[in-house]
Amino acid sequence: MINLPSEIATSGGMFLLGLAQALILLALAPLFSGISRMIRARIQSRRGPGVLQDYRDIAKLMKRQNILPDNAGIVSKLMPYVLISTVLVVAMSLPMFTLASPFGAAGDLITVVYLFALFRFFFSIAGLDSNSTFANIGASREVTLGVLVEPILMLSLLVIALVAGSTNFGLISTALSTQTWNYPVATLIALIAAAFAIFIEMGKIPFDLAEAEQELQEGPLTEYSGPAFALIKVGLSLKSMVVAAIFVSVLIPFGAAQELSISAVFFGAVFFFVKLLIAFVLACVFENTLARTRFMLAGRLTIIGFGISVLAFVFYLIGL
């Protein structure tokens with residue numbers, strides 16, 4: 001076994017590991033978005049764009065000029081940077097390659113929930129700030145979807161945190177990696193509820209039209225162009241990867257490195273990306289089995305997920 005340098009065991013070394021994994025996800029976010037679009041097109045018997053199309057779109061946008069409405073405020077200018085920075089912090093904090101959280105200060109369930117809330121807040125406010133009717137509608141629907149899905153995600157993760165005895169993602173992944181669970185029924189049902197919420201957060205049908213210009217996610221972005229729009233597209237793709245990474249790294253931590261060695265971390269990274277790719281493929285296949293529905297009916301579907309998360313909490317209370 002080849003051990004990592006001694007400084008990797010320090011907080012500074014773990015911080016560098018978290019930074020490295022966040023930058024890797026940032027570089028691969030357009031690729032995974034392209035894979036999702038390609039799979040969707042093949043299922044629908046279309047040729048569709050290539051897997052590298054998002055990289056080409058981002059490169060073109062980076063060469064263009066930023067244009068914002070004359071009445072746009074500081075929120076519209078800051079939003080792209082807030083979006084990508086909040087998701088990068090979450091990506092740094094997740095125990096992706098190892099069971100330990102590289103960025104312990106942010107690797108907490110409560111911190112991550114607030115960071116995602118900050119992401120949605122700036123995303124929605126920027127749509128209102130542009131004074132565009134279509135952007136305002138997209139922003140209001142984004143807020144509505146957040147109200148519907150965030151309680152499911154928070155309650156399901158809370159049950160898992162109670163089972164693990166900690167809100168730290170590293171300790172949660174370590175607890176779930178053991179062969180025996182203290183509350184197996186509650187944990188299993190909470191995992192199902194969390195998977196349901198993460199599927200919604202990835203912007204899939206029937207909760208969003210994840211093709212080209214998405215109804216909800218692209219609505220608030222009507223007035224953006226150039227490099228700012230490129231940053232937002234990367235941020236949205238990165239968020240989809242990060243929420244999926246929460247499920248495959250924290251909630252399904254099998255294959256993650258249990259020791260800080262080069263070989264263990266390498267194989268942990270390989271296992272992580274294999275699990276992440278499988279999650280993306282399954283999400284794409286599943287969404288294409290569903291029919292597009294009216295947005296106002298989304299609440300009837302999310303109430304099912306909330307009921308499942310409540311059921312998990314009840315099973316935890318009775319000790320199952």
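For the numbers below, each heavy atom of this structure counts, side chains included, while hydrogens, waters and symmetry mates do not. The first residue in the sequence is number 1, and the count goes up from there.
For the pair Leu118/Tyr114, no side-chain contact is recorded, criterion being any heavy-atom separation below 4.5 Å from C-beta on. Side-chain contact check for Met38 versus Gln53: every heavy-atom pair is 4.5 Å or farther apart. Side-chain atoms of Leu157 and Leu251, non-hydrogen and from C-beta on, do get closer than 4.5 Å to each other. Side-chain contact between Phe123 and Leu236 is present, with heavy atoms from C-beta onward closer than 4.5 Å. Using a 4.5 Å heavy-atom threshold, the side chains of Ser93 and Val112 count as touching. Between Val285 and Leu282, the closest side-chain pair of non-hydrogen atoms is not below 4.5 Å. Side-chain contact check for Arg37 versus Asp54: some heavy-atom pair is nearer than 4.5 Å. Within the 4.5 Å cutoff, side-chain heavy atoms of Ile58 are placed close to those of Pro30.
Heavy atoms only, all atoms of each residue included: Phe116 and Ile246 are closest at CE1-CD1, 3.7 Å. Taking each heavy atom of Val87 and Gly235 in turn, the nearest pair found is CG2-O, 4.3 Å. A pairwise comparison of heavy atoms in Glu201 and Val149 identifies OE2-CG1, 3.6 Å as the closest pair. Closest heavy-atom contact between Ser173 and Pro253: O-CG, 3.2 Å. Scanning all heavy atoms of the two residues, the minimum distance from Leu153 to Ala194 falls at CD1-O, 4.4 Å. The two residues Cys284 and Ile43 make their nearest non-hydrogen contact at O-CD1, 4.2 Å.
Here the straight-line distance linking atom CZ of Phe254 with atom CG of Leu99 works out to 10.0 Å at 0.5 Å rounding. Taking NZ from Lys239 and CG from Leu115, the interatomic distance works out to 12.0 Å, rounded to the nearest 0.5 Å. Considering OH of Tyr316 and CG of Leu162, their distance stands at 4.5 Å, rounded to 0.5 Å. Interatomic distance, CD1 of Ile189 versus CD1 of Ile160, reported as 11.5 Å (0.5 Å rounding). Taking CG of Leu238 as the start and CG of Leu26 as the end, the distance is 6.0 Å to the nearest 0.5 Å. For the atom pair CG of Asp108 and OG1 of Thr167, the computed distance is 3.5 Å after rounding to the nearest 0.5 Å.
Residues Tyr81 and Val242 share a single hydrophobic cluster, defined by chaining ILVMFWY side chains whose heavy atoms lie under 4.5 Å apart. Under the 4.5 Å side-chain heavy-atom criterion for grouping Ile, Leu, Val, Met, Phe, Trp and Tyr, Phe196 is connected to Leu155 within one hydrophobic cluster. No path of Ile, Leu, Val, Met, Phe, Trp and Tyr side chains, each step under 4.5 Å between heavy atoms, connects Phe266 with Leu277, placing them in separate hydrophobic clusters. When the side chains of ILVMFWY residues are joined at heavy-atom separations under 4.5 Å, either directly or via intervening members, Val159 and Val314 end up in a single hydrophobic cluster. By the rule that hydrophobic residues join a cluster once side-chain heavy atoms approach within less than 4.5 Å of another member, Leu52 and Ile35 end up as members of one cluster.
For the pair Lys275 and Phe273, the cation does not sit on the ring face, since its NZ or CZ is not both under 6.0 Å from the ring centre and inside 45° of the axis.
The closest donor-acceptor contact from the side chain of Ser33 to the backbone of Ala29 lies at 3.5 Å or more, if one exists at all. The main-chain N or O of Leu94 is found under 3.5 Å from a side-chain atom of Gln21 such that the two form a donor-acceptor pair. Ser156 contributes no side-chain N or O that, together with a main-chain N or O of Ala193, makes up a donor-acceptor pair within less than 3.5 Å. Side chain of Ser240 to backbone of Ser237: no donor-acceptor contact under 3.5 angstrom is found. Between the side chain of Thr98 and the backbone N or O of Pro95 there is no donor-acceptor pair closer than 3.5 Å.
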**OP:** Would you check, one step at a time, whether the test side chain to side chain contact (heavy atoms under 4.5 Å, CB included) holds for Thr86 with Val82?
**Re:** CA-CA 6 Å; Thr86 52; Val82 174; 4.1 Å; yes
**OP:** Let me see the working for Ile110 and Val113 under side chain to side chain contact (heavy atoms under 4.5 Å, CB included), right down to the final yes or no.
**Re:** CA-CA 5 Å; Ile110 299 174; Val113 168; 5.8 Å; no
**OP:** Begin with the C-alpha distance, continue with both residues' side-chain angles, and end with the deciding distance and a verdict on side chain to side chain contact (heavy atoms under 4.5 Å, CB included) for Met79 and Ile125.
**Re:** CA-CA 9 Å; Met79 190 268 281; Ile125 292 299; over 6 Å; no
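Under the rule for a side-chain contact (heavy atoms from CB on, under 4.5 Å), the partners of Ala283 that lie at least two apart in sequence or sit in another chain are Phe199, Met202, Lys204.
Within a 6.0 Å sphere centred on CZ of Phe32, heavy atoms belonging to other residues, nucleotides or ligands number more than 12. Residue-environment remark: OH (Tyr55) exceeds the threshold of 12 foreign heavy atoms within 6.0 Å. The environment of CG in Leu317 is crowded: more than 12 heavy-atom neighbours from other residues, nucleotides or ligands sit within 6.0 Å.
By the 30° and 60° cut-offs, the orientation of the rings of Phe272 relative to Phe97 is perpendicular.
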